[in-house]
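Data first, discussion second: the structure below is written as structure tokens.
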Amino acid sequence: MSELKIYNSYTRQKEVFKPITPGHVGMYVCGPTVSGESHLGHARPYITFDVIYRYLTHLGYKVRYVRNITDAGHFEEEGREAEDKISKKAVLEKLEPMELVQKYTNLFHWAMDQFNNIRPSIEPTATGHIVEQIEMIKKIIDEGYAYVVNGSVYFDVKKYAASHDYGKLSGRVMDELLETTRQLEGQDEKRDKADFALWKNAAPEHIMRWQSPWGVGFPGWHIECSAMSTKYLGPQFDIHGGGMDLQFPHHESEIAQSTICNHTAPVRYWIHNNMITINGRKMGKSYNNVIKLTEMFSGNHPLLDKAYSPMTIRFFILQTHYRSTLDFSNEALKAAEKGLKRLWEAYETLQKLLPEGTGEKPGDPQLDEKVKKLLLEMDEFMNDDFNTAKVLANMFELVPIINSVKDKHIPASALSQPTWDLFRRYFKLYLEDILGLKSEAQQEDGKLEGVIRLLIDIRKEAKARKDYATSDKIRQQLQELGILLKDEKDGSVTYTFA
RNA sequence: GGUUCGGUGGCCGAGUGGCUAGGCAGAGGUCUGCAAAACCUUUUACAGCGGUUCGAAUCCGCUCCGAACCUCCA
């Protein structure tokens, strides 16, 4: 089997993955700011990194997956009124800040569960790590790379850039940065426009505030991730993930802070997922084109033709490589929904097939080879920078084979027993364990099952005496209730819920 | 304006030099009392113009178009 290769945003190339500690992987992913409801755009990184987490685990690594909750609000707009995003909204909604934080954290967790994302190993909050952040800032000041002004602390980017590669991750050069950084009011405190805040003095009306050596205030945006990743993963860890939009300034600043504080580059492999776009535009608050996850699941949004289930969205996202933009449209979502249904039904068929007459030797060596190749290739695809799109394409190529065996167009003995075993094992491994898809069929209650079976029996009797009016009526009315009957080749009848 | 990344058939999307991606939709067929499903076959591509090469969607140049970042953002 080939080695796992990961596209490292820092070096802009695919690199063979080698963990720092053999057998173990430390992975940090920037989590949500819980000042509002999660939207479709948030689904992308957490599903992407969930699959990465699952795959690394499958490869045998013991993974510590840390994903933070940003509950200490950043500046609404740096330089202007240093308002805390979370505390501002809390006033509007007449809620305690932490009440708001809890509400949206709960909602976020609920959405992640809907997507079948495995919960991270550690989910630290920014407010729970103020002490660590203050300690880190102190160290940076001691190192001479930060300065205090009026109760605020700023990172000295110019000084850092003189001896370090500030801008490498985001592909920026220092001179341009100085010129192109937008001129904002009240920036006088900073020595340089490119400097960023580590700690911000809190105005009296600012609700979220903590005592620090520099006065009462709150932490800057970037320091929380550095403090928490250092605490739980060490000064240097394997993987740091997040959306591409976080590359600058967030991740660039994280690198600078951690490097000064810990005297080592914090991250070995930077992984960035691309954005979900809507009409070619990134989904985001500033564009006013946000579809919240609750709206996706309910269909209750002007842009949505219908509701889309969490698994449809998961599948939709995994059909694209994580570094490509993914364009939202009803047409694309509906296509994903149908495709997933077909794939999932074939998967269930495969698990139920009990191939008879298969032996060690395949009846159709060519087909047997083809199946094996398509299955084993999936490992190669995942190893090539987590190419879930190609994995799914191979699975779809195998669907007609499953269905043909079911319909007896192809004898089960065409494939050898070992190939059948591999087939079943890989479909389960990839669909459920690695891609994290699951059945969305409602939990059937035994009574409903019994009633449907009864109707199927009555219909069968009606058909036997060619009373098609009755048999069609049963099929038609069940369909209106969302229960689809299928007459199988062998005369049996199966049903699915629409 | 600067930096970076893209433009693939009706729609979504793989694909970094030669080998059918795949899904959805469309067309024809098989099966079926009919239907659905399934299976088989099948139409429509690589923004434009040059160049490199035996050979380019894939490399290089130019042009046009779009996006992300430079401000909170997944």
Side-chain angles (χ1 to χ4, degrees), chain A residues 12 29-33 35-36 38-49 70 73-80 85 167 170-173 175-177 179-182 184 194 221 241-250 252 272-277 280-287 290 315-316 319-321 323-343 345-346 349 381 387-397 399-404 406-410 463 466-468 471-472 475-476 479 484-489 494 496:
Chain A
R12 287 156 205 267
V29 175
C30 287
T33 301
S35 62
S38 305
H39 58 76
L40 180 60
H42 292 100
R44 185 118 194 234
Y46 306 127
I47 288 172
T48 298
F49 288 102
T70 297
H74 314 314
F75 316 135
E76 192 82 271
E77 224 169 346
E78 197 178 16
R80 290 223 194 134
K85 195 153 126 195
S170 51
R172 244 154 270 260
V173 272
D175 295 345
E176 276 158 13
L177 214 53
E179 282 164 27
T180 60
T181 300
R182 200 166 91 180
L184 298 167
W221 175 29
M244 269 181 185
D245 50 352
L246 294 179
Q247 253 180 51
F248 189 88
H250 186 54
E252 197 72 68
H272 289 99
N273 64 275
N274 215 318
M275 304 289 103
I276 287 185
T277 59
R281 266 236 136 77
K282 173 184 164 180
M283 187 173 288
K285 264 175 261 182
S286 12
Y287 297 119
V290 164
F315 178 79
F316 173 65
Q319 255 189 319
T320 310
H321 186 86
R323 280 190 288 112
S324 302
T325 54
L326 170 58
D327 200 52
F328 161 88
S329 72
N330 281 289
E331 228 179 332
L333 258 315
K334 283 180 202 165
E337 185 176 53
K338 290 183 108 171
L340 173 60
K341 185 165 186 273
R342 195 161 91 92
L343 180 60
E345 282 178 11
T349 301
F381 295 154
N387 199 329
T388 55
K390 290 189 98 174
V391 168
L392 285 168
N394 271 25
M395 291 194 143
F396 272 108
E397 287 208 57
V399 166
I401 296 172
I402 296 170
N403 286 326
S404 292
K406 181 184 110 184
D407 290 346
K408 314 247 192 289
H409 297 312
I410 297 175
K463 276 178 72 175
K466 298 210 188 317
D467 177 5
Y468 296 123
S471 75
D472 287 353
R475 184 173 65 197
Q476 179 61 29
Q479 188 178 342
L484 302 179
L485 298 189
K486 287 184 200 170
D487 293 323
E488 300 290 350
K489 288 275 184 289
T494 58
T496 55

- prompt: Is the ring of A/Tyr468 stacked on the base of B/G33, with centres less than 5.5 Å apart and planes under 30° off?
  reply: yes
query: When every nucleotide of nucleotides 36-45 of chain B is labelled 5' to 3' by its protein contacts under 4.0 Å (heavy atoms), B for base, S for sugar-phosphate only, - for none, what sequence of letters results?
result: BBSSS-----
message: If you go through the side-chain atoms of A/Arg475, does one of them form a donor-acceptor pair with the base of B/A35 closer than 3.5 Å?
response: yes
query: Picking from A/Lys282, A/Arg44, A/Met283, A/Arg281, what satisfies side chain to side chain contact (heavy atoms under 4.5 Å, CB included) with A/Met275?
result: A/Lys282
Euclidean distance, atom CG of residue A/Leu340 to atom P of B/G13 [Å, nearest integer]: 17 Å
query: Any side-chain N or O of A/Ser38 less than 4.0 Å from the OP1 or OP2 oxygen of B/A74?
result: no
task: Taking only the side-chain nitrogens and oxygens of A/Asn394, find out if one of them lies under 4.0 Å from OP1 or OP2 of B/A14.
output: no
Give the nucleotide from the list [options] with an atom nearest to the side chain of [X].
X	options	value
A/Ile276	B/C12, B/A21, B/A74	B/A74
A/Ala389	B/A14, B/G33, B/A74	B/A14
A/Asn387	B/C69, B/G15, B/U4	B/G15
A/Tyr46	B/A74, B/C69, B/A35	B/A74

message: Any strand counts, and the cut-off is 3.5 Å on both contacts for Watson-Crick or G-U wobble. Which nucleotide pairs with B/A38?
response: B/U30
message: Any strand counts, and the cut-off is 3.5 Å on both contacts for Watson-Crick or G-U wobble. Which nucleotide pairs with B/A45?
response: none
message: Checking A/Asn387 now: which residues fulfil side chain to side chain donor-acceptor pair (under 3.5 Å) with it, not counting sequence neighbours?
response: none
query: Any donor and acceptor pair, going by atom type alone, linking the side chain of A/Ser404 with main-chain N or O of A/Ile401 inside 3.5 Å?
result: no
query: Are any of the side-chain nitrogens in A/Lys406 or A/Glu345 under 4.0 Å away from the carboxylate oxygens of its partner?
result: no
